[in-house]
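Can you keep this structure in mind? I'll have questions shortly.
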Amino acid sequence: MNKRTLFQLHSWIGIKLSLLFFIVCFSGTLATLSNEMDWLFHPGLRATGSGDRVPYNTIVQEVQQAYPNHTLSYWLMPKEPYLNDILYLEKDGYRTYVFADPFTGKVTGATKVTFQRFFRDFHYYLFMPFYQIGYFMVLVFAFLLAISLGTALLFYKKWWRKFLELKRSSGKLVLFRSLHRLVGLWSIPFVMVFSLTGIWYFTERTNLGKVSDISNPAAPKLDREVALDSADQTPFPYRWDYDMAAKVALHTIPGLEIRGIVPPRQPSSTIYLRGKSQVPLVRNRANRVYVDPLDYEAVGVQKAEDIPTIMYLNDIADPLHFGNWGGLTSKIIWFISGLGISGLVLTGIWIALRRQLKKSGTKKNAVMGAWKYINWLLAAPIFAYLFFFMHFRYGLSWEPILLVATILASVGWLAWYVFVTKMRQAR
């Protein structure tokens, strides 16, 4: 392939698929700082205490008292010191996220959906869960991102010498072309991380080489012969002694920092605890302890230092992809890099439109052609499902739905003004 062909392939990916490419990149960018958005928007999530945690059972009792008709499905203890605990409660098919201060045990607030969940769902499968269409629409862009990087490095001459080159004295087109190249060069390590981890997600999702089977072992099931007290109407998640379960987990994996608890929902289920140890980079699921809720014996253990290579690669993919491996500092760096990559999509389409203006006799839609309509045809159900999820999955009222609709309409108008109206004026 000569340099012209490589450039055409690079441009085709960035221009013909520009709208979908931007949606995938920008949603992932926002997901990196979604916990911090929750901190800003939800005062109840802001940690104010310090010292030792109160007993786990104290928090469970406070939550049960505040939400007696809900069922506890998951308990997250964020590693960020500025965040309170988040408990996932279920009722009538809807979820409520309840915040609890780990140093006082008091319930401090609740919400129907968090920014973290919203942007994770958006970036993960574009709110299109049926037949895994959304998952693979996103994962395909991991390959396209890698191809975009490879083609750019092949046709851009001596790129390794141009990390500080920015041309500013030859008009807007030259400036934006130079800026596009400069941001692209500084984004190389991040593009490699995002594309490689995305390709790994594709491998896991398709279970190539049995990667998913190895990386996601099934939880142990208990052969329960002991009859539970039928007179006790307390929901399963509230019956158990979580302090005792935590003690067993800490004894099983010395030095474990418990970051998540999954309560049992039936007699054959275990109390599942996970968290961080001394092994760097891995997510919380790399360390697992399954505890029998009746006799409080560990019936399953997984230590991060003992997991096989495939499982280790799977457990470092999320921290590397979203940049949360190094706390707030790494998340801010990942966020800025994500903005840069999203900006590459925008500047790429702008440069193509400006080039078209300099050519005489070109067709009005020559830059994207029919792909403009294909992009919108694919984007339309994404935004339709977005509002569907907000109302039917998250159970939100009309105010936040109207707010999101206003933001999307404003962004759409701004895009139309920059890429259509201004270009027509220039023509």
Side-chain angles (χ1 to χ4, degrees), residues 1-29 137 140-141 144-157 159 162 165-188 191 337-380 382-383 407-427:
M1 300 177 71
N2 57 36
K3 291 185 178 180
R4 178 178 176 79
T5 304
L6 291 168
F7 176 77
Q8 290 175 338
L9 178 58
H10 179 86
S11 300
W12 188 92
I13 294 173
I15 295 173
K16 303 299 186 184
L17 301 174
S18 54
L19 179 57
L20 293 176
F21 215 151
F22 180 79
I23 289 174
V24 172
C25 292
F26 194 60
S27 61
T29 299
M137 284 180 64
V140 162
F141 280 95
L144 296 176
L145 187 61
I147 294 172
S148 296
L149 174 61
T151 52
L153 296 181
L154 289 173
F155 72 71
Y156 190 26
K157 296 180 180 179
W159 56 266
K162 302 178 181 180
E165 182 179 280
L166 179 62
K167 300 176 182 179
R168 292 173 288 182
S169 58
S170 302
K172 287 185 179 180
L173 180 57
V174 174
L175 171 62
F176 274 88
R177 285 173 59 186
S178 180
L179 181 64
H180 183 86
R181 293 168 177 171
L182 184 64
V183 173
L185 289 174
W186 282 96
S187 300
I188 289 174
V191 172
S337 70
L339 289 179
I341 296 171
S342 302
L344 291 176
V345 180
L346 299 179
T347 55
I349 189 68
W350 188 90
I351 291 168
L353 291 170
R354 292 291 293 189
R355 278 177 175 160
Q356 177 184 281
L357 288 178
K358 303 185 78 172
K359 297 178 181 179
S360 58
T362 55
K363 294 181 180 180
K364 184 178 179 181
N365 293 327
V367 171
M368 292 188 68
W371 280 94
K372 178 174 69 174
Y373 305 104
I374 295 174
N375 269 261
W376 282 111
L377 184 64
L378 294 173
I382 293 175
F383 293 114
I407 293 173
L408 289 177
S410 301
V411 172
W413 175 86
L414 180 61
W416 180 267
Y417 178 76
V418 172
F419 295 107
V420 178
T421 303
K422 294 293 289 184
M423 290 298 169
R424 286 175 178 172
Q425 293 175 354
R427 183 180 292 112

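Residues take their numbers from the sequence shown, with the count starting at 1.
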Audit row: F21, S342, side-chain contact (heavy atoms from CB on, under 4.5 Å) steps and yes/no: CA-CA 8 Å; F21 215 151; S342 302; over 6 Å; no
V345 versus G14, closest heavy-atom pair with distance: CG1-O, 4.2 Å
I'd like to check the ring pair (Phe, Tyr, Trp, His ring centres under 6.0 Å) partners of W376; sequence neighbours left out, ordered by chain and number. none
S187 side, atom OG; L149 side, atom CG - distance, nearest 0.5 Å: 9.5 Å
Under the side-chain hydrogen bond (donor to acceptor under 3.5 Å, both in side chains) test, which residues partner T151, sequence neighbours left out? H10
Distance (rounded to the nearest 0.5 Å) between L378 CG and Y373 OH: 15.0 Å
Contacts of W159 meeting ring pair (Phe, Tyr, Trp, His ring centres under 6.0 Å) (sequence neighbours excluded), chain-then-number -> none
Is there a side-chain contact between H180 and R177 in this structure, where contact means two heavy atoms from C-beta onward sitting under 4.5 Å apart? no
Close side-chain approach of F141 to L144, heavy-atom, < 4.5 Å: yes
Can you check whether I188 reaches L153 side chain to side chain, under 4.5 Å on heavy atoms? yes
Within the side chain of K372, is there an N or O that forms a donor-acceptor pair under 3.5 Å with the backbone of V367? no
Are any non-hydrogen side-chain atoms of L154 and K3 less than 4.5 angstrom apart? no
Residue pair L19 / A379: nearest heavy atoms and the distance that separates them: CD2-CB, 3.7 Å
Which residues share a ring pair (Phe, Tyr, Trp, His ring centres under 6.0 Å) with F419, sequence neighbours left out: none
Excluding sequence neighbours, so at least two apart, what forms side-chain hydrogen bond (donor to acceptor under 3.5 Å, both in side chains) with T29? none
Atom CZ of residue position F26 - does it have more than 12 heavy atoms of other residues, nucleotides or ligands inside 6.0 Å? no
Using the side chain to side chain contact (heavy atoms under 4.5 Å, CB included) criterion, which residues pair with L179? Sequence neighbours excluded. L166, V183
For E165, enumerate each residue passing the side chain to side chain contact (heavy atoms under 4.5 Å, CB included) test, keeping only those at least two apart in sequence or located in another chain. Y156, K162, K167
Rounded to the nearest 0.5 Å, how far apart are CG of L344 and CD1 of I349? 13.5 Å
Would a distance-only check, ignoring hydrogens and angles, find a side-chain to backbone donor-acceptor pair under 3.5 Å from S27 to V24? yes
About how many Å separate OG of S18 and CG of L346, when rounded to the nearest 0.5 Å? 8.5 Å
Output the distance between atom CD1 (I147) and atom CH2 (W12), rounded to the nearest 0.5 Å. 9.5 Å
Checking T5 now: which residues fulfil side-chain hydrogen bond (donor to acceptor under 3.5 Å, both in side chains) with it, not counting sequence neighbours? N2
Rounded to the nearest 0.5 angstrom, the CZ-CG distance for F176 and L182 is 13.5 Å
Suppose we screen for side chain to side chain contact (heavy atoms under 4.5 Å, CB included). Which residues come up paired with R354, at least two apart in sequence or across chains? L173, W350, L357, M423, A426
Less than 4.5 Å apart, side chain to side chain, heavy atoms only: is that true for K16 and I374? no
V174 backbone acceptor or donor facing S178 side chain under 3.5 Å: no
Between the main-chain N or O of Q8 and the side-chain N or O of S11, is there a donor-acceptor pair closer than 3.5 Å? no
Could you list the residues that satisfy side-chain hydrogen bond (donor to acceptor under 3.5 Å, both in side chains) with S337, not counting sequence neighbours? none
According to side chain to side chain contact (heavy atoms under 4.5 Å, CB included), who are the partners of V420, at least two apart in sequence or on a separate chain? W416, R424
So, using ring pair (Phe, Tyr, Trp, His ring centres under 6.0 Å) as the criterion, who are the partners of W413 when residues are at least two apart? Y417
Less than 4.5 Å apart, side chain to side chain, heavy atoms only: is that true for I23 and F383? yes
